[in-house]
Amino acid sequence: MAEEKEQRYDPAAIERKWQERWAAEPALYAAEPASSKKPKYYVLEMLPYPSGQLHMGHVRNYAIGDALARQMWMRGYNVLHPMGWDAFGLPAENAALKNNTPPREWTQGNIAAMKRQMRRIGFSYDWATEITTCLPDYYRWNQWFFLRMLEKGLVYRKKSKVNWCPECATVLANEQVVDGCCWRHEDTKVEQRDLEQWFLRITAYAQELLDGLDKLEGWPEKVRTMQRNWIGRSEGAEVDFFLEEQGAREQGSKRSESQRIRVFTTRIDTIFGATSVQLAPEHPLVAALAAGDPKLKAKVNELIEEQRKAREAGDVGGIEKHGVPTSRFALNSYNGERVPIWVANYILMDYGTGAIMSVPAHDERDFEFATKYGIEIRQVIQPVQPVEYEDGAELLPFLSEDGVLVNSGEYDGLTCAEAQRRLQEVAEQGGFGNAAVTFRLKDWGISRQRYWGTPIPMIHCERDGLVPVPDDQLPVILPNKIEITQQGGSPLARVPEFVNTTCPRCGGPARRETDTMDTFIDSSWYFYRYTDAKDTKAPFDSAIAQYWFPIDQYIGGVEHAILHLIYSRFWTKVMRDLGMVTNDEPAERLFTQGMVIKDGAKMSKSKGNVVSPDDMVARYGADATRMYALFAAPPDRDLDWQEDGVAGVSRFLGRVWRLATKYAPVARSEAAKPSIAANGSAVQLRRKLHQTIAKITLDFEGRWHFNTCVAAIMELVNELQAADAQLAAGEIPAPVVRELLRTLALLLAPFAPFLAAELWEQLGGEGAILRASWPRSDPSLAKEDEIEIPVQINGKLISVVRVAAGADAKTIEAAALADEKVRLRAATKTVAKVIVVPGRAVNLVVK
RNA sequence: GCGGAAGUGGUGAAAUGGCAAACACACCAGCCUUAGGAGCUGGCGCCCAAAAGGCUUGCGGGUUCAAGUCCCGCCUUCCGCACCA
């Protein structure tokens with residue numbers, strides 16, 4: 001067989017063969033039912049939007065998940081590894097406009113194309129559980145959930161200021177606005193509009209979403225921090241100031257009992273330092289005060305305009321603080337002090353109460369504002385540690401809570417913390433305030449004025465008002481026949497067959513809601529559907545979900561840290577409260593992989609640096625492409641795509657192929673007795689093999705540094721190749737050859753599944769390699785008998801000595817002192833101390 | 001401004017506090033030839049003609065017998081947050 005002509009490594013042929021084989025045998029990748037004896041493992045990668053083209057970011061994401069899934073199969077787990085399509089969304093409508101293709105057709109075509117790409121790359125998905133969110137059998141459950149939430153009071157409708165993307169011609173959620181621009185159209189400024197919207201009451205879970213983060217130890221700290229910031233909890237108090245009666249000044253201040261101004265503050269302890277009350281320009285009271293004052297009204301409108309512009313520019317923090325005084329005053333509830341009421345552009349109507357007490361001495365923003373307008377700055381907190389002045393340095397504003405109250409009447413001398421407690425109590429007893437917690441998180445606006453989404457299952461009846469669609473009339477089907485135009489408003493409103501209906505309550509004529517749902521709803525619960533994808537009675541079977549959940553490992557990009565990942569957590573908690581699941585969180589562990597970049601920049605069409613997976617696969621094969629994606633960098637770091645690197649991996653796989661096919665006949669031969677001669681090369685090769693198994697196995701359990709796993713396999717192959725002469729001469733016993741090559745195939749299986757499967761077959765492996773057992777490292781075989789110990793003098797490396805692996809300190813010391821280089825160096829000096837770390841190093845301290 | 005991550009050869013990178021640069025890419029030299037996007041051998045951090053030797057993990061300190069790794073200060077880059085009362 002040494003003369004046998006070498007067959008060249010032909011990835012295209014091998015991959016085609018196995019792709020067909022796997023397609024014909026879908027059960028290979030199917031999870032066993034919940035009754036399985038095996039331990040379960042749910043590995044999930046984020047489902048893609050079916051744009052029609054897989055990009056390298058997907059390939060990397062899915063290569064990581066696939067390596068894990070395959071390894072877990074081989075380790076004997078019952079693995080659920082599904083895939084689906086986040087198939088609703090605006091691009092389908094844009095494509096419809098552009099190519100005159102209906103969104104459904106366009107989407108289905110893209111799904112088919114991407115599925116082909118995924119099969120071509122060899123991801124081990126169970127296609128029997130595939131879900132497509134734009135199909136009625138999926139989105140009907142969005143509608144069903146909407147109705148359940150409505151029953152629970154988690155859905156409401158209100159007119160509100162919304163983010164409007166002119167490009168999308170629809171509303172965006174707060175989470176979808178990035179730097180004042182649309183998350184899909186980075187150059188398109190988001191506008192503010194007033195519209196009637198459906199909201200999900202995610203804020204009802206704000207506290208729990210926050211608390212849960214502490215327990216999500218398997219999630220990256222970065223993501224948890226981002227979510228904490230997003231939820232933005234702040235603890236403080238709400239307290240009323242009273243509006244002074246107009247024209248009451250002459251007779252002494254008189255408070256209006258009906259008109260209160262409620263402010264939110266985290267520093268109630270500084271209230272005696274409040275020297276003005278500041279209202280947001282859109283505060284209802286402002287409109288009332290400005291009603292009879294055209295000048296004020298004009299100025300307020302300017303402030304509103306400034307805020308709007310800043311918001312649209314995404315630079316709310318950057319605008320210069322402006323304000324305008326009103327002619328009215330507010331009275332401090334604690335001491336009756338009279339302070340002016342201003343309207344200021346740095347006060348936001350949608351946070352807290354839209355009004356603040358301004359304490360310039362103890363708040364930076366108030367300080368800036370008061371300095372500008374000459375408003376009194378009154379210090380009411382005395383630092384415990386006297387603040388040191390450098391000449392001319394400002395003491396104020398003093399922001400720390402490490403101080404005691406001054407200028408605060410009966411509260412003088414209390415610490416800030418004590419004062420906060422006391423003042424809150426007093427406010428509560430006096431009926432003018434209470435402790436309060438405010439969140440930055442807003443309710444989730446889900447209405448979209450688009451066609452390609454889940455219809456909101458509500459009916460507007462002239463008589464009965466808003467009526468939910470009864471469960472037995474679900475799904476509300478998205479009509480197929482529709483003309484997509486670029487006109488504003490909901491496209492569905494222009495489809496009479498859809499709009500016109502009868503009221504489920506009175507049977508009279510009624511109109512359907514024509515807005516559709518935000519597509520983030522689709523992805524908020526899709527991973528539950530995978531567990532029971534064909535269910536026609538419910539979104540999924542609770543018992544099955546209970547078996548699979550939580551997801552053991554979720555893998556995706558960090559760009560979803562606050563959108564998808566916060567909505568998903570919310571949805572899980574709602575389902576738990578509906579009694580559908582028992583887990584509090586969807587995923588035990590989350591891994592966020594780095595971006596794929598090219599020439600130092602994110603791949604994008606505009607930069608023209610996009611690398612197509614199809615090209616890579618065509619040139620170098622699927623195995624080389626996905627293996628390079630794992631080899632080029634650790635998975636959590638950004639990866640710079642270098643085509644030469646893919647070529648290198650492909651050449652490596654070619655070496656593996658030649659080596660394995662060359663000695664496959666030996667590995668398969670029954671001739672050799674299983675006795676393994678203790679021949680030097682064989683022992684050494686087996687040692688390397690077992691070291692490699694140990695390294696890779698450990699990495700899968702811990703760090704996931706698949707780049708070094710691939711490197712370890714390369715080292716192993718380099719050693720095998722260096723032993724080619726011995727192999728060719730038959731000096732390595734056949735059972736050892738078999739062990740070496742079969743194990744090599746097993747180790748490759750998570751990374752290069754096509755080649756691994758082919759070699760497994762050629763090496764006479766039983767059954768599918770995916771069902772073969774992951775190799776075990778035998779420590780006694782992996783152990784070295786002799787090791788090298790570095791010898792240092794005063795910490796500097798001088799020499800290296802070889803000693804037996806288990807050598808004790810004494811032996812190592814003797815060997816080190818006997819070393820010639822060491823003797824030369826130490827000859828004229830006194831050895832003061834010898835530090836020996838057995839198995840590690842020797843250090844001689846000499847003087 | 002606040003929070004986080006990262007800075008190591010020409011490049012991607014590796015290194016439980018114990019031989020810095022494994023494994024690759026690129027490059028150089030040679031061999032082979034069925035002339036291939038092939039294969040094989042060797043070289044490849046910097047200084048020095050070479051050897052010997054010296055230097056080297058963004059910068060400056062420190063801890064330690066020993067620091068890329070731990071601590072303190074600074075610089076740079078990237079990411080997130082940023083009038084949130």
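What you see below is based on every heavy atom in this structure, not just the backbone, and it leaves out hydrogens, waters and symmetry mates. Sequence lines set the chain letters: A, B, ... in the order given, protein chains first and strands last, and positions in each chain run from 1. Everything quoted here is computed from the prediction, not taken from an experiment.
Contact check, R8(A) against G37(B): no side-chain N or O comes under 4.0 Å of OP1 or OP2. Taking 4.0 angstrom as the limit, K796(A) places a side-chain polar atom (N or O) nearer than this to OP1 or OP2 of C55(B). Using a 4.0 Å cut-off, no side-chain N or O of N718(A) falls inside it from OP1 or OP2 of A22(B). Side-chain N/O atoms of R651(A) include one lying less than 4.0 angstrom from OP1 or OP2 on C25(B). Remark: R658(A) is not in phosphate contact with A38(B), judged by side-chain N or O atoms under 4.0 Å from OP1 or OP2.
Residue contacts shown for G232(A) are absent, as no nucleic acid heavy atom lies under 4.0 Å away. Within the 4.0 angstrom heavy-atom criterion, no nucleotide atom of any strand lies near R233(A). Among the protein residues, E221(A) comes within range of no part of the nucleic acid, since none of its heavy atoms lies under 4.0 Å from any strand. If you check every strand for non-hydrogen atoms under 4.0 Å, N707(A) touches sugar and phosphate atoms only. Counting non-hydrogen atoms under 4.0 angstrom, A647(A) reaches nothing in the nucleic acid. Across all strands shown, F439(A) has no heavy atoms under 4.0 Å from either base or sugar-phosphate atoms. Residue-level contact check: I789(A) touches neither bases nor backbone, having no heavy atom under 4.0 Å from any strand.
Checking Q642(A) against A711(A), the closest nucleotide of RNA chain B that is more toward the 5' end is the one next to Q642(A). Mapped onto RNA chain B by nearest heavy atom, T708(A) and A722(A) fall at different nucleotides, with T708(A) at the one closer to the 5' end.
Put simply, CZ on F652(A) is 13 Å from P on G39(B), counting in whole angstrom units. Following rounding to the nearest Å, D644(A) (CG) and G10(B) (C1') show an atom-to-atom distance of 13 Å. If you measure from atom CZ of R228(A) to atom P of G80(B), you get 19 Å, rounded to the nearest angstrom. Per the geometry, CD1 belonging to I356(A) stands 11 Å off P belonging to A85(B), to the nearest Å. As rounded to whole Å, 15 Å separates atom C1' of G18(B) from atom CG of N794(A).
Residues F432(A) and F241(A) place their aromatic rings such that the two centres sit no closer than 6.0 Å. Ring to ring, F706(A) and F700(A) are close: their centroids are under 6.0 angstrom apart.
Separation of the P atoms belonging to U57(B) and C19(B) is 15 Å when rounded to the nearest angstrom. G12(B) and G18(B) have their P atoms separated by 25 Å, with the value rounded to a whole Å. Nucleotides G42(B) and A22(B) are separated by 15 Å at their P atoms, to the nearest Å. Comparing the C1' positions of U69(B) and A14(B) gives an interatomic distance of 13 Å, to the nearest angstrom.
Out of C83(B), A85(B), G3(B), the shortest distance to the side chain of T225(A) is found at G3(B). Side chain of P634(A), nearest nucleotide from A13(B), A26(B), G18(B): A13(B). Among the nucleotides G37(B), A66(B), C19(B), the one closest to any side-chain atom of L797(A) is C19(B). Residue V837(A) places its side chain closer to G18(B) than to any other of C83(B), G18(B), C65(B). For Q721(A), the listed nucleotide lying nearest its side chain is C40(B); candidates were U11(B), C40(B), A13(B). For I562(A), the listed nucleotide lying nearest its side chain is C81(B); candidates were C81(B), C65(B), C79(B). In this structure, of C83(B), A13(B), A82(B), it is C83(B) that holds the atom nearest to the side chain of N345(A).
The glycosidic torsion of G9(B) lies within 90° of 0, which places this base in the syn conformation.
Contact detail for A206(A) and L441(A): the closest heavy-atom pair is CB-CD2, 4.0 Å.
Note: F591(A) and W704(A) have tilted aromatic rings, judged against thresholds of 30 and 60 degrees for the angle between ring planes.
Checking S276(A) against Q278(A) by side-chain atom types alone, a donor-acceptor pair falls below 3.5 Å.
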Legend entry - Base-pairing string, 5' to 3', of RNA chain B - Watson-Crick or wobble, under 3.5 Å, | interstrand: (((((((..(((.....[....))).(((((.......))))).(((.....)))..(((((..]....))))))))))))....
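Side chain N843(A) to base C65(B): a donor-acceptor pair is found below 3.5 Å.
The environment of E364(A) atom CD is sparse: at most 12 non-hydrogen atoms of other residues, nucleotides or ligands sit within 6.0 angstrom. E786(A) CD: more than 12 foreign heavy atoms inside a 6.0 Å radius. Within a 6.0 Å radius of NZ in K372(A), other residues, nucleotides and ligands contribute more than 12 heavy atoms. For CD of E235(A), the number of neighbouring non-hydrogen atoms (other residues, nucleotides, ligands) closer than 6.0 Å is 12 at most.
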